[in-house]
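Here the structure is laid out as structure tokens; the discussion comes afterwards.
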Number of protein chains: 4
Amino acid sequence: MAKVSQAHLEARRRSILEAAARVFSQKGVAAATMAEIAQEAGISPGAIYRYFASKEELAREGMAGPAEAVKAAWEHPEQVETGFAELSRATFAALELPGADLDTRLLLERALVAARDEDAALLDEFGAELGRILRGVAYLLRRDYGERLEGYDVEGLAQALYSFYWGARFVQLMAPGAPGPVRQLEAVQRLMAAAFGPQEGPAERS
Amino acid sequence: MAKVSQAHLEARRRSILEAAARVFSQKGVAAATMAEIAQEAGISPGAIYRYFASKEELAREGMAGPAEAVKAAWEHPEQVETGFAELSRATFAALELPGADLDTRLLLERALVAARDEDAALLDEFGAELGRILRGVAYLLRRDYGERLEGYDVEGLAQALYSFYWGARFVQLMAPGAPGPVRQLEAVQRLMAAAFGPQEGPAERS
Amino acid sequence: MAKVSQAHLEARRRSILEAAARVFSQKGVAAATMAEIAQEAGISPGAIYRYFASKEELAREGMAGPAEAVKAAWEHPEQVETGFAELSRATFAALELPGADLDTRLLLERALVAARDEDAALLDEFGAELGRILRGVAYLLRRDYGERLEGYDVEGLAQALYSFYWGARFVQLMAPGAPGPVRQLEAVQRLMAAAFGPQEGPAERS
Amino acid sequence: MAKVSQAHLEARRRSILEAAARVFSQKGVAAATMAEIAQEAGISPGAIYRYFASKEELAREGMAGPAEAVKAAWEHPEQVETGFAELSRATFAALELPGADLDTRLLLERALVAARDEDAALLDEFGAELGRILRGVAYLLRRDYGERLEGYDVEGLAQALYSFYWGARFVQLMAPGAPGPVRQLEAVQRLMAAAFGPQEGPAERS
DNA sequence: TATGAATGAGCGTTCATTCAT
DNA sequence: TATGAATGAACGCTCATTCAT
């Protein structure tokens, strides 16, 4: 029963995690009850404790951000074929998919928890991720716009774009009726196109 | 302890609100206890209920966003002497003041609560505020950049800038070490300057 | 200020007691709050404590049964001119006056309190009152029906009539739509008339 | 402690109800605490809430009058073999059993609560029960005494007898030393016998 | 190993009582 | 002496956690 169990155990663990994420994002970590999570996962409350030592641990793991595929792309830009514009567009388009708001809520709550507890580990993780993504953004900017970035604070610009991304998520959550992420991005891209000169820029590539 | 002046009562009320804001932003609304808030305010738990009917009401009022002066400026741009660039700078500079993070936490939690409960009132309020600010941003953009905005989706751009602002707040909270709001803004302003043509643009105004 | 105060003090004390009786009979002793009673009495909560040491004392005194005039008549039947039938009728007719239910509630609650706490004093008081009234009822029965009561357990009958009175109060409270006290009494009097022979009985008197 | 049988659950529920009835009748519903009831039932306070949603619900169910067998007899007089006199005697005799006072207290408190809150449901229930019993009493009176009731307000008389019953309960609670229910009833029955003529009356039946 | 009834600490809230004014 | 804001113990209730089954 040993080896097979191992796989089952892992599956069960993941299913609890997913149930928890659903409940957390809907109600918030504090308001969610273990009983609810158990029901969502289709097991008994007591069983959860075979897989997670406490609600806190479950929250910590259950809020570990959704493994966004797009994130990986930004973190490893060398392996990315598409240009900055296309990747941006895909990233922002994903925000308009159903379910994005749930992720945003979870991410925000997670951020809040980290900021409140001065949870160094979580904060560091976020910082590290930010660093990787920033590097990716800057890399792609440089690759696509080359010397036309001369005189620009590319890191500052990359950070601004990253902020813009988070802000778009946030506003989308709070005011679904406002101009959506994609429309915002288009306005920004028009700006960048104008700033970095004739459309040849990114087009040169290929 | 009878017949305390109206002013005293008001002061007490405000002091409770401030204590609550501190505790809420530190621990989150759900985790904060009335006992803690009372202690922070230097009174007994029961006394709070002379001023606020419930924890929920206290949370509602205690999280009512700090009356940011800057916000007013964006909402009434006709009365604003300074240009778009200057106002932006002031707005972002304020984010680097101490205490900004506290506000951001409170605002985020408030947003989360609203989004979770589908609290129509709060959501509407946010949406209305967003609308006013967007109008202000667009107004200032048009006033400062005039016909050079020809062909631009000014509303989309305004929304993008607003998103950028929120994102900057968020990132600042989560990764204090990253390029700060002001540096990000400078990069964006450089971009806008390049896009909207020779520096004369905003300068024309005088 | 001394002598005049004395009268005022007594008046104030009584007004508190009346306010308390009103609130107690409406909400019950446990649910009534000192603040409510104070408001009803038109004073401040703190002031009550100048006149009564505690809520319990206030309850004890405030529930001291309404000084029913009829009760006095039954307790001192020698001074009563009217016959048993007339006094009974007056007694039951009073139950159909507005306000009777409020008294009934208060009396019932008081009874409950006494029965619960095995409050010997209150229980004794009720017992003593019962004794006096029973004696009065028996006295009037014997005076009015004379030897026709031969062979009857007059004390048992008197007690039954007293029970009937209380039961009528109780049912009136719980089921206002049922045949009222007076109608019930009439049925009983018809029964007594039939049992004790030709109407001459009480009529002989004069 | 999982998968306890349905029977166990039912038993536990009933034991809580019994504990509650004991405490309620001893202290009154308002003064009784959940902790006390829990202790009386031999469980923890929290456990009660698996069986009852609130103290109020517990009170509602815990005060649901003891399913008196006698009551059923009065409500379905057609199925009753015994005559009015015998059934009355059984009913009043039951009042002298130990435990009757406990029930009376509970019933009185329940009545008070209903009257205070103007609890329409409870009041209606009481009214409906009263109606059924009254019908039963009148039915039995007519069956046993037949045409000798000519000229009587049978409904009024039935109601008077019902009031008498409640009053006897009440007085018994408050003044245990007074002539007991059975003795009172005997006096009343003597009266009825005298009023309705020669003993043949009920005897005719056979 | 899973269950889910039970625990009990801790929460929000109330209110009798006190006491500075 | 009256006021009424403040106290703080105690309540009803919740729920993370435990453990007998």
Side-chain angles (χ1 to χ4, degrees), chain A residues 1 5 8-9 12 30-39 42-59, chain B residues 1-5 8-9 12-13 30-38 41-59, chain C residues 1 5 8-9 12 30-39 42-59, chain D residues 1-5 8-9 12-13 30-38 41-59:
Chain A
M1 175 203 283
S5 283
H8 278 332
L9 258 37
R12 174 76 55 118
T33 71
M34 294 300 266
E36 253 172 331
I37 295 168
Q39 186 171 45
I43 58 171
S44 70
I48 296 182
Y49 289 83
R50 293 232 150 246
Y51 300 89
F52 302 91
S54 66
K55 187 185 178 184
E56 198 187 325
E57 184 181 315
L58 184 55
Chain B
M1 208 177 259
K3 283 265 122 118
V4 165
S5 79
H8 272 43
L9 257 34
R12 174 80 74 166
R13 195 184 145 87
T33 72
M34 294 302 265
E36 251 172 332
I37 295 170
I43 57 172
S44 71
I48 297 182
Y49 290 85
R50 283 202 148 277
Y51 300 89
F52 303 92
S54 65
K55 187 185 177 183
E56 198 187 325
E57 184 181 314
L58 185 55
Chain C
M1 171 207 286
S5 283
H8 278 333
L9 257 38
R12 174 75 56 117
T33 70
M34 293 301 265
E36 253 172 331
I37 295 169
Q39 187 171 43
I43 58 170
S44 70
I48 296 183
Y49 288 84
R50 293 233 150 245
Y51 301 89
F52 302 92
S54 66
K55 187 185 177 184
E56 199 186 325
E57 184 182 314
L58 185 56
Chain D
M1 208 176 260
K3 281 267 125 117
V4 166
S5 80
H8 272 42
L9 257 35
R12 173 81 75 167
R13 194 185 147 87
T33 72
M34 294 302 267
E36 253 172 330
I37 295 170
I43 57 171
S44 71
I48 297 182
Y49 290 85
R50 282 202 148 277
Y51 300 89
F52 302 92
S54 64
K55 186 185 177 182
E56 198 186 326
E57 184 181 314
L58 185 55

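Just so it is clear, the model here is predicted, and its values are computed rather than measured.
- Heavy-atom distances to DNA chain E give each of B/Glu56 and A/Ile43 a nearest nucleotide, and the one nearer the 5′ end belongs to A/Ile43.
- In the set F/dC13, E/dT17, E/dC11, E/dC11 carries the atom at the smallest distance from any side-chain atom of B/Thr33.
- Distance CD (A/Glu36) to P (E/dG4): 17 Å, rounded to an integer number of Å.
- Both A/Arg12 and C/Ala31 sit near DNA chain E, but only A/Arg12 has its closest nucleotide nearer the 5' end.
- Regarding D/Glu57, its CD atom lies at a distance of 15 Å from the P atom of F/dG12, rounded to whole Å.
- The listed nucleotides are F/dG12, E/dA16, F/dA16; the one nearest the side chain of D/Lys55 is F/dG12.
- If you measure from atom CD1 of C/Ile48 to atom P of F/dG4, you get 13 Å, rounded to the nearest angstrom.
- A 3.5 Å limit on both hydrogen-bonding distances identifies E/dC15 as the Watson-Crick or G-U partner of F/dG8.
- What you find for B/Arg12 and B/Ile43 is that their closest heavy atoms are NH1-CG2, 2.6 Å.
- The distance from the OG atom of B/Ser44 to the OH atom of B/Tyr49 is 11.0 Å, given to the nearest 0.5 Å.
- Checking the phosphate oxygens (OP1, OP2) of F/dG4, no side-chain nitrogen or oxygen of C/Ser44 falls inside 4.0 Å.
- As judged by a 4.0 angstrom heavy-atom cut-off over every strand, D/Ala32 is placed among residues touching the sugar-phosphate backbone only.
- For the pair D/Tyr51 and D/Arg13, the tightest heavy-atom approach, listed with the atom from each and the gap, is O-NH1, 3.0 Å.
- Using a 4.0 Å cut-off, some side-chain N or O of D/Tyr51 falls inside it from OP1 or OP2 of E/dA6.
- Across the protein-nucleic acid pair, D/Arg50 atom CZ and E/dA6 atom P stand 7 Å apart, rounded to whole Å.
- Checking E/dT7, F/dC13, E/dT13 against every side-chain atom of D/Tyr49, the shortest atom distance belongs to F/dC13.
- Put simply, CG on C/Leu58 is 15 Å from C1' on E/dC15, counting in whole angstrom units.
- Heavy atoms from other residues, nucleotides or ligands lying under 6.0 Å from CD of B/Glu56 number 12 at most.
- The interatomic distance linking B/Phe52 (CZ) with E/dG12 (P) rounds to 15 Å, in whole Å.
- Of all the heavy atoms in A/Glu57 and A/Ala53, the pair that sits closest is OE1-CB, 3.3 Å.
- Across the protein-nucleic acid pair, C/Gln39 atom CD and F/dT3 atom P stand 13 Å apart, rounded to whole Å.
- Residue C/Gly46 is the one, among C/Gly46 and A/Ala30, whose nearest nucleotide of DNA chain F lies closer to the 5' end (criterion: closest heavy atom).
- Summarising the geometry, the separation between CE on B/Met34 and C1' on F/dA9 is reported as 17 Å, rounded to the nearest angstrom.
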